[in-house]
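Dumping the structure here so I can ask a few things about it.
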Amino acid sequence: MTAWLLKDVRPYGEDAVDVRLVDGRIAEVGPDLSDGAGRVLDGRGGVLLPGLVDLHTHLREPGREDAETVETGTLAAALGGFTAVHAMANTDPVADTAGVVEQVWRLGRDAGHCDVAPVGAVTIGLRGESMAELGTMADSAARVRVFSDDGRCVSDAGLMRRALEYVKAFDGVIAQHAQEPRLTVGAQMNEGVTSSMLGLTGWPAVAEEAVIARDCLLTAHVGSRLHVCHVSTAGSVELIRWAKSKGWDVTAEVTPHHLVLTDDLASTYDPVFKVNPPLRTAADVEALRAGLADGTIDVVATDHAPHALEDKEAEWGAALPGMTGLETALAVVVQTMVEPGRLTWRQVAERLSATPARIGRLPDHGRPLAVGEPANVVLVDPGACWTVDPRASASRSRNTPFAGRELPSRVVATFLRGTPTVLDGAPAPREP
Amino acid sequence: MRRHLLSAADLTREDATLVLDTAEELARVSRAATVKKLPTLRGRTVVNLFFEDSTRTRTSFELAAKRLSADVLNFSAKGSSVSKGETLKDTALTLEAMGSDAVVCRHSWSGAPANLSRWVRGSVVNAGDGTHEHPTQALLDAFTMRRRLGRVEGLRVTIVGDVLHSRVARSNVLLLHTLGAEVTLVAPPTLLPVGVGSWPTAVSYDLDAVLPTSDVVMMLRVQRERMSPTGERATAYFPSAREYARRYGLDVRRAQALPEAAVVMHPGPMVRGMEIAPEVADGARSTVQEQVANGVSVRMAVLYLLLGGAVPAIGAPVEATA
């Protein structure tokens with residue numbers, strides 16, 4: 001029997017109680033529980049949340065183990081408070097077969113830091129030409145439910161329609177990277193005032209919005225499920241609000257970096273700020289925060305995109321797009337949403353745990369903090385303040401855009417099925 | 001002045017005026033001396049780091065450095081650094097190890113000189129980066145205007161052509177604004193950047209309407225690949241070279257609409273018959289040849305000022321025995 005007593009913790013930031021975890025479940029919740037058998041963790045009034053679930057993580061394995069592995073990426077995830085991550089399909093080889101998704105799933109299980117739910121590619125080789133064997137991936141040991149060509153857009157309207165229809169058979173969802181390729185040839189950053197001065201080819205908002213509008217209509221037409229990855233523009237928020245008002249099954253995510261960073265950061269030409277979709281304007285940031293607050297945007301997902309040093313220490317145009325995010329996601333949400341009073345901790349639990357678990361169809365994650373539920377929980381010290389140091393990251397890569405920034409709140413402990421993966425803000429020693 | 005010249009925006013009005021005055025002085029000294037070389041930068045090393053072909057700009061910088069007695073290394077790496085296998089950072093560290101005092105950098109990616117400036121101790125001069133900037137071109141253009149028309153402040157300067165992809169246009173807009181000129185951009189809407197409305201310029205689609213009130217008209221090169229940017233015609237910026245020339249080319253008839261004293265500029269290389277008629281390019285209003293000559297003086301001034309040459313050193317021609 002493994003047992004932990006979490007003393008003096010505040011579920012959802014509400015009243016302080018003690019919580020006992022026994023054999024992978026929440027066994028008891030109440031004031032002044034007796035110590036009993038097992039270990040005790042003094043929560044010091046920290047906030048207890050269900051373990052976070054990331055719908056959008058790049059673990060880079062197989063193929064770019066120099067940038068990240070399932071082991072290092074999931075450890076970073078655990079340190080960020082996550083108990084499950086969805087591993088994107090743009091690996092090498094691409095996760096477009098049952099073999100690859102099962103490999104990634106197994107690597108995650110062996111690493112043991114958090115659950116890994118592989119995302120399957122929508123099209124073979126992410127080429128956007130023909131559908132991959134989605135059903136076989138769904139039926140595999142990896143139980144794939146989220147399908148995405150992320151990094152690339154399923155731009156062919158006919159193929160997108162077919163994919164949306166096809167995944168209905170196994171309750172799948174298409175997670176679309178909305179980017180009209182014809183409008184983003186050679187695109188380097190948000191198209192606007194800053195790009196015009198920097199001489200960097202623009203990535204216009206309309207290239208995202210046009211695809212979202214089309215996909216919402218397709219989803220309604222075939223009665224399927226659409227998830228929009230990394231929404232980055234005010235116009236996209238409007239379109240999703242409209243689709244939801246129609247009752248269509250459309251969900252959307254925003255990344256932490258799009259909640260705080262803006263395109264003027266490109267003016268240093270430091271590629272750590274190069275990301276796809278690109279950083280947008282302050283008006284977009286505000287619309288994204290408002291959308292997240294009112295529920296138009298369902299989820300915060302990291303789009304954790306580690307890159308090797310040589311792929312970032314380059315000219316802006318030659319550098320790869322992407323930022324790490326697993327270890328800073330919650331802190332950015334606290335800073336941008338919780339501290340200004342735009343989200344309660346209960347809503348944080350919804351946006352970063354319950355809803356992503358529901359979209360990804362992970363039955364054991366995102367569950368309420370209640371007796372009998374799986375003991376996937378995270379303890380947060382909301383009063384902590386820390387400075388982001390890329391060298392201190394558990395990720396194999398260093399491309400955080402928050403280096404040197406002060407962020408509020410720190411993950412103290414993470415429990416996966418009752419076993420700590422993180423204790424005292426550090427990787428937990430393995431229990432025998 | 002700052003340590004690097006990466007953008008025309010790095011120059012205050014005082015800086016820019018100092019460069020132009022210094023260039024004037026250096027040109028005067030060079031003219032007067034029997035030997036054109038000055039000893040000012042003797043023992044200093046200037047590296048011409050060109051990742052993109054540019055005979056004109058490279059030779060101009062080379063001549064400028066040599067006239068100041070600097071040692072010049074030409075480091076040419078055609079194509080992108082990535083295709084060559086060596087990263088820009090490695091190249092920078094190599095130059096650093098060689099002890100270069102200034103790096104003159106031309107690169108096909110916008111911002112590459114800015115990246116470079118973080119890896120080297122010496123000064124970096126942007127000699128044209130992607131579609132971003134070309135600050136010494138703007139300086140030599142301002143120098144040319146000042147020589148021809150006596151001033152820059154208050155001049156009505158019309159810049160015509162592919163503003164979207166032009167580093168010359170960006171640097172000129174910034175510098176001319178700093179120096180108090182009134183700039184109007186003229187181009188088909190497809191060749192103006194989104195966000196141009198925030199620039200300190202007027203914008204017009206109608207060249208004929210603007211020419212009668214222009215003291216300077218600067219024609220930009222229009223690259224033919226703009227008509228099929230991704231190898232196909234669907235995303236062309238304009239339908240044909242003929243239509244472009246008809247609407248935006250400076251032909252003989254249009255040049256006659258200019259005020260009496262107005263000058264015609266072109267940064268080169270020109271596409272004769274497209275953006276500019278040969279008669280206009282070679283006519284009395286044209287400053288094309290002067291721009292080339294002035295380029296050397298202005299680049300001498302930039303290298304001299306960035307490398308901290310002592311003011312009294314100007315005016316002392318190199319000795320014959322040196």
Side-chain angles (χ1 to χ4, degrees), chain A residues 155 180-209 233 235 262-274 278-284 307-321 398 403, chain B residues 6-9 51 79-93 105 107-119 126 128-134 163-171 173-174 185 192-201 229-232 234-235:
Chain A
S155 66
E180 167 53 52
R182 300 281 294 158
L183 293 175
T184 49
V185 176
Q188 296 292 334
M189 68 171 294
N190 179 48
E191 183 165 39
V193 172
T194 308
S195 68
S196 78
M197 287 309 292
L198 295 181
L200 291 171
T201 305
W203 196 132
V206 61
E208 174 173 306
E209 293 154 4
T233 77
T262 48
D263 67 347
D264 52 304
L265 288 164
S267 54
T268 60
Y269 291 101
D270 182 345
V272 79
F273 299 113
K274 179 174 175 177
L279 301 177
R280 304 286 186 184
T281 67
D284 294 305
H307 284 300
L309 211 53
E310 69 271 21
D311 291 323
K312 279 293 188 184
E313 273 193 342
E315 305 88 327
W316 181 281
L320 295 180
R398 299 286 170 262
Chain B
L6 303 175
S7 161
F51 290 93
S80 81
S81 59
V82 170
S83 72
K84 192 169 164 268
E86 186 178 62
T87 65
L88 181 65
K89 186 176 181 181
D90 285 325
T91 308
L93 296 179
C105 179
H107 203 289
S108 54
W109 284 121
S110 300
N115 298 136
L116 189 68
S117 71
R118 284 194 279 275
W119 296 318
N126 181 359
D129 60 330
T131 55
H132 177 222
E133 284 210 47
H134 193 359
V163 175
L164 179 62
H165 301 97
S166 174
R167 48 198 176 205
V168 175
R170 278 175 186 74
S171 286
V173 164
L174 290 167
L185 303 173
L192 289 167
V194 166
V196 75
S198 69
W199 290 15
T201 64
T230 49
E232 32 92 11
T235 46

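In what follows, chains carry the letters A, B, and so on, assigned in the order in which the sequence lines appear, proteins first and then strands, with residues in each chain numbered from 1.
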| query | For Ser196(A) and Arg170(B), which heavy atoms make the closest approach, and how far apart are they? | reply |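 Where Ser196(A) meets Arg170(B) most closely, the heavy atoms are O-NE, 2.6 Å.
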Next on the checklist: Closer than 3.5 angstrom, by distance alone: can the side chain of Ser110(B) be matched with the main-chain N or O of Gly199(A) as a donor-acceptor pair?
Outcome noted: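 At least one qualifying donor-acceptor pair exists.
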| task | Looking only at non-hydrogen atoms, find the nearest pair between Thr131(B) and Leu200(A) and report the distance. | result |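 Closest approach of Thr131(B) to Leu200(A): OG1-N, 4.4 Å.
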Worksheet item: If you round to the nearest 0.5 Å, how far is CD of Glu310(A) from OG1 of Thr87(B)?
Response: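 These two atoms lie 9.0 Å from each other.
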(request) Select one option (side chain, backbone, both, neither) describing which atoms of Leu116(B) are under 4.5 Å from chain A's heavy atoms. (result)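 For Leu116(B), no heavy atom lies under 4.5 Å from chain A.
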Exercise. Tell me, side chain or backbone of Gln188(A) under 4.5 Å from chain B's heavy atoms, or both, or neither?
Worked result: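 Side chain of Gln188(A) only, per the 4.5 Å heavy-atom cut-off to chain B.
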Between Asp129(B) and Glu315(A), does the side chain to side chain contact (heavy atoms under 4.5 Å, CB included) criterion hold? Intermediate values first, please.
CA-CA 11 Å; Asp129(B) 60 330; Glu315(A) 305 88 327; over 6 Å; no
Checking Arg167(B) against chain A: side chain, backbone, both or neither under 4.5 Å from a heavy atom?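 Arg167(B) has no heavy atom closer than 4.5 Å to chain A.
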- request: Could you tell me the separation between the CG atom of Leu164(B) and the OG1 atom of Thr201(A), rounded to the nearest 0.5 Å?
  value: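 The distance works out to 7.5 Å.
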task: For residues Met197(A) and Trp199(B), report the shortest heavy-atom separation together with the two atoms involved.
output: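 Shortest heavy-atom contact: SD-NE1, 3.1 Å.
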**OP:** Mind listing the closest non-hydrogen atom pair of Ala114(B) and Tyr269(A) along with its distance?
**Re:**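 Closest approach of Ala114(B) to Tyr269(A): CB-CD1, 3.9 Å.
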Worksheet entry | Exercise: identify the closest heavy-atom pair between Arg118(B) and Thr268(A) |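 What the structure gives for the nearest pair is NH2-O, 2.9 Å.
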